[in-house]
Amino acid sequence: MFASLSAVFTRRRGAARVAATTLVTGLVAAGALAGAGRAAADETTPGQGGATATIAGLKTYGTAVIHGATGEQQVSAGLFEMSVDGGGTLQTYCVDLHNPTQRDAKYHETPWSGTSLGVNKDAGKIRWILQNSYPQVNDLAALARKAGVRGALTEQDAAAGTQVAIWRYSDDVAVDALDPQAEQLADYLHKSARALPEPQASLVLDPPAVSGRPGERIGPVTVRTNAAGATLTPPADAATTGVRIVDGRGKEVTSASDGGQVFFEVPEDAAAGSAELTVQASTTVPVGRAFASESRSQTQILAGSSESTVSATAGATWAKEGAIPALSAARNCVEGGVDVIAANKGDEPFTFDLVGLEHTIAAGETRTITVPLQEDQAYDFTVHGPGGLTRRFTGMLDCQTQGAEPDTGTRTLTEPSPAALGSTTDTNLAETGGSGLTPLIGGIAIGLVLIGGATLIVLRRRETPAGD
């Protein structure tokens, strides 16, 4: 969910979004798409799928020096480590220098478009650095020779030099490694970098929401993964509802590979309702994938992965007649907001209000509507639909690196300065850019979000008289 550099760096979005966000203070959204059907428990719809992990700390690092208008500051620079939910370990570098890392923050694999990388023309060069340096290149003697490093290159030097080179592209900041060998590596990587495309997601389902009529195969949902195969878990109440997960020929399936298409097969006499499919796999997450947090913690980019557990979900909605919506959402840093994707596979249009604006989705139409948000704006959309459908979309928009803010010579608690080495900073907090006040900052930020909570009707189907 997440960019920014100096005041003169024009690729970052400006304050134009602030006016629009007056409509969504705190952004706790509860909506209602009125319609026939049974009530159902809330279903939380996660993000784009892939790996979910908890940050463990800064593990291999050296020292970097940031050169700013107010002087020089020394910060830790190097590799973070994360523990993957379900098993696995990730190594990452930071792509948001001045933003603190929160202790035990939860991270989700995220497309570049949902982070500051989505609006960074040099994101592909950062991926090149990752592919051509430590830890992907773990022969440090060979790396030193290729980079023209004079003297021995330690793991700490390699990690610090790689992080410094990344920061020069991710944050557009004047930064050098303190160690001469690390600085030589940073210069080599910075000057040699070439743009590479965004890597494939470890696991994603496309689309994440589908709809249709009972008696039909609803879908398809395409599995996209770099894993050899993925396991399909049918809806929890499949035994009682009769909903099956099948392939294009109607054969029930419990696994799929990359590019495989699956469908929800719903009994013809089923009442209006919804169901969810879970897909899980074990794989190494591709180098260069972004990881974003929901707790205002530094955005990370993947440098290495063990065999790790990845997962994704897709939802289906069905009804015999009327509007049949399929609803999903994704963060969009290019536009500075959250995209709400509404599809209608029914035989009637449905009309809804979104942030005070009315939209009508015709039968058979799919439309993407962007809700503009302020940077660091928390959002929580709960959407109700026919047949008891409930979809919840939560997160925080983090599209700017703190380095983009003009340097006024002073900083607030929500914009901490980098941690000076030799201070009381706990390096176990993984603070490349966070101060010793990081835990307090996180608590204040979360408190402000809670205090700012307001209710927004997100999607509400308009009642129409019979016969219209």
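Fair warning: this is a prediction, and the values are worked out from it, not measured in the lab.
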### Query
Got a salt bridge between R289 and E109, using NZ or NE/NH1/NH2 to carboxylate O under 4.0 Å?
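E109 and R289: salt-bridged.
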#### Entry: Nearest heavy atoms of P267 and T241, plus distance in Å
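It is CG-O, 3.4 Å.
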### Message
Assess the residue pair Q280 and S311 against the criterion (side-chain hydrogen bond (donor to acceptor under 3.5 Å, both in side chains)); give the C-alpha distance rounded to whole Å, side-chain angles, the decisive distance to 0.1 Å, and a yes or no.
### Response
CA-CA 4 Å; Q280 190 173 83; S311 62; 5.1 Å; no
### Query
Quick check: does any side chain N or O of N344 sit under 3.5 Å from a backbone N or O of I361, one acting as donor and the other as acceptor?
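Between the backbone of I361 and the side chain of N344 there is a qualifying donor-acceptor contact (under 3.5 Å).
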### Task
Could you tell me whether a side-chain N or O of D171 sits under 3.5 Å from a main-chain N or O of L97, the two making a donor and an acceptor?
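Side chain of D171 to backbone of L97, a donor-acceptor pair under 3.5 Å: yes, one is there.
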### Query
Hey, is the main chain of T317 close enough, under 3.5 Å, to the side chain of S274 for a donor-acceptor pair?
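A pair under 3.5 Å: no.
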### Message
Before you tell me yes or no, could you show the steps for N99 and T299 under side-chain contact (heavy atoms from CB on, under 4.5 Å), namely the whole-Å CA-CA distance, both residues' side-chain angles and the distance that decides it to 0.1 Å?
### Response
CA-CA 8 Å; N99 196 26; T299 302; 5.9 Å; no
### Task
Considering only NZ, NE, NH1 and NH2 on the basic side and carboxylate oxygens on the acidic side, decide whether R213 and E268 come within less than 4.0 Å.
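Answer for the salt bridge query: no.
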#### Entry: R296/D376 salt bridge by N-O under 4.0 Å criterion
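Answer for the salt bridge query: yes.
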### Query
If every non-hydrogen atom of T225 is compared with every non-hydrogen atom of S202, which pair is closest and at what distance?
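T225 and S202 have their closest heavy atoms at OG1-O, 2.5 Å.
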### Minimal non-hydrogen separation, V84 against S308, with atom names
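Nearest heavy atoms, V84 then S308: CG2-OG, 3.7 Å.
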### Message
Using side-chain contact (heavy atoms from CB on, under 4.5 Å), reason through Y107 and M82 one step at a time and then give a plain yes or no.
### Response
CA-CA 9 Å; Y107 280 80; M82 294 189 188; 3.7 Å; yes
### Query
Shortest non-hydrogen contact from A275 to W318?
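Shortest heavy-atom contact: N-CZ3, 3.6 Å.
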### Query
Does some side-chain heavy atom of E81 sit less than 4.5 Å from a side-chain heavy atom of L90?
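No - every pair of side-chain heavy atoms lies 4.5 Å or more apart.
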### Query
Within a reach of under 6.0 Å around CD of E216, are more than 12 heavy atoms found that belong to other residues, nucleotides or ligands?
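Result for CD/E216: enclosed.
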### Message
Measuring only between side-chain heavy atoms, which start at C-beta, is T254 closer than 4.5 Å to T231?
### Response
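They are not in contact (no side-chain heavy atoms under 4.5 Å apart), so the answer is no.
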### Message
Checking the side chain of Q377 only, and the main-chain atoms of Q374 only, is there a donor and an acceptor separated by less than 3.5 Å?
### Response
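Flag not set: sc Q377 to bb Q374 has no pair under 3.5 Å.
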### Task
State, yes or no, whether a side-chain contact exists between V310 and V285 at a heavy-atom distance under 4.5 Å.
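Result yes, sub-4.5 Å side-chain heavy-atom pair found.
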### Task
Measure the spacing between CG of N226 and OG1 of T283 and express it to the nearest 0.5 Å.
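Separation between the atoms: 3.5 Å.
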### Message
Minimum heavy-atom separation for V223 and A256, please, with both atom names.
### Response
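Looks like CG2-CB, 4.0 Å.
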### Message
Donor-acceptor check, side chain of R244 to backbone of K251, threshold 3.5 angstrom: yes or no?
### Response
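No: the side chain of R244 does not pair with the backbone of K251.
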### Task
Output yes when a side-chain donor or acceptor of S297 lies under 3.5 Å from a complementary backbone atom of Q102, and no otherwise.
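Confirmed, S297 side chain pairs with Q102 backbone.
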### Task
Without swapping roles, check the side chain of W128 against the backbone of L189 for a donor-acceptor pair under 3.5 Å.
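Judged by distance alone, no pair lies under 3.5 Å.
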### side-chain hydrogen bond (donor to acceptor under 3.5 Å, both in side chains) assessment of S293 paired with S295
CA-CA 5 Å; S293 170; S295 59; 2.8 Å; yes
### Query
Side-chain contact, heavy-atom cut-off 4.5 Å: T162 with I129?
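They are in side-chain contact.
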### Task
Please say which of T368, V371, L373, T370 ends up in a side chain to side chain contact (heavy atoms under 4.5 Å, CB included) with E335.
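It is T370; the other options fail the test.
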### Query
What is the distance from atom CD of Q91 to atom OH of Y134, rounded to the nearest 0.5 Å?
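Output value for this atom pair is 6.5 Å.
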### Beyond-backbone contact of P100 with Q298, side-chain heavy atoms, under 4.5 angstrom
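Side-chain contact under 4.5 Å: no.
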### Query
Can you tell me how far the CD atom of E198 sits from the OG atom of S113, to the nearest 0.5 Å?
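It is 6.5 Å, given to the nearest 0.5 Å.
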### Task
Compare every heavy atom of S257 with every heavy atom of A228, then report the nearest pair and how far apart it is.
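Distance-wise, the nearest heavy atoms are O-CB, 4.0 Å.
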### Query
Going by heavy atoms in the side chains, are Q131 and L196 under 4.5 Å from each other?
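The answer is yes, as the side chains (C-beta and beyond) meet within the 4.5 Å cut-off.
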### Task
Show the numbers, then the answer: is there a side-chain contact (heavy atoms from CB on, under 4.5 Å) between Y93 and L130?
CA-CA 9 Å; Y93 287 105; L130 295 166; 3.6 Å; yes
### Query
Distance from I324 atom CD1 to E321 atom CD, nearest 0.5 Å?
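Between I324 CD1 and E321 CD, I get 9.0 Å after rounding to 0.5 Å.
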### Task
Would you sort out whether Q261 and D247 count as a side-chain contact (heavy atoms from CB on, under 4.5 Å), showing the intermediate values?
CA-CA 6 Å; Q261 294 187 327; D247 61 17; over 6 Å; no
### Message
Can you tell me how far apart CG (N120) and SG (C333) are? Round to the nearest 0.5 Å.
### Response
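Atom-to-atom, N120:CG and C333:SG are 11.5 Å apart.
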### Task
May I ask you to test the V246-F264 pair for a side-chain heavy-atom distance under 4.5 Å?
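No - every pair of side-chain heavy atoms lies 4.5 Å or more apart.
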#### Entry: Non-hydrogen side-chain atoms of T313 and E276 separated by less than 4.5 Å
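When only atoms from C-beta onward are counted, E276 and T313 do touch, with a gap below 4.5 Å.
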### Task
Starting at CG of L117, measure out to CD1 of I126 and round the result to the nearest 0.5 Å.
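Result: 5.5 Å between the selected atoms.
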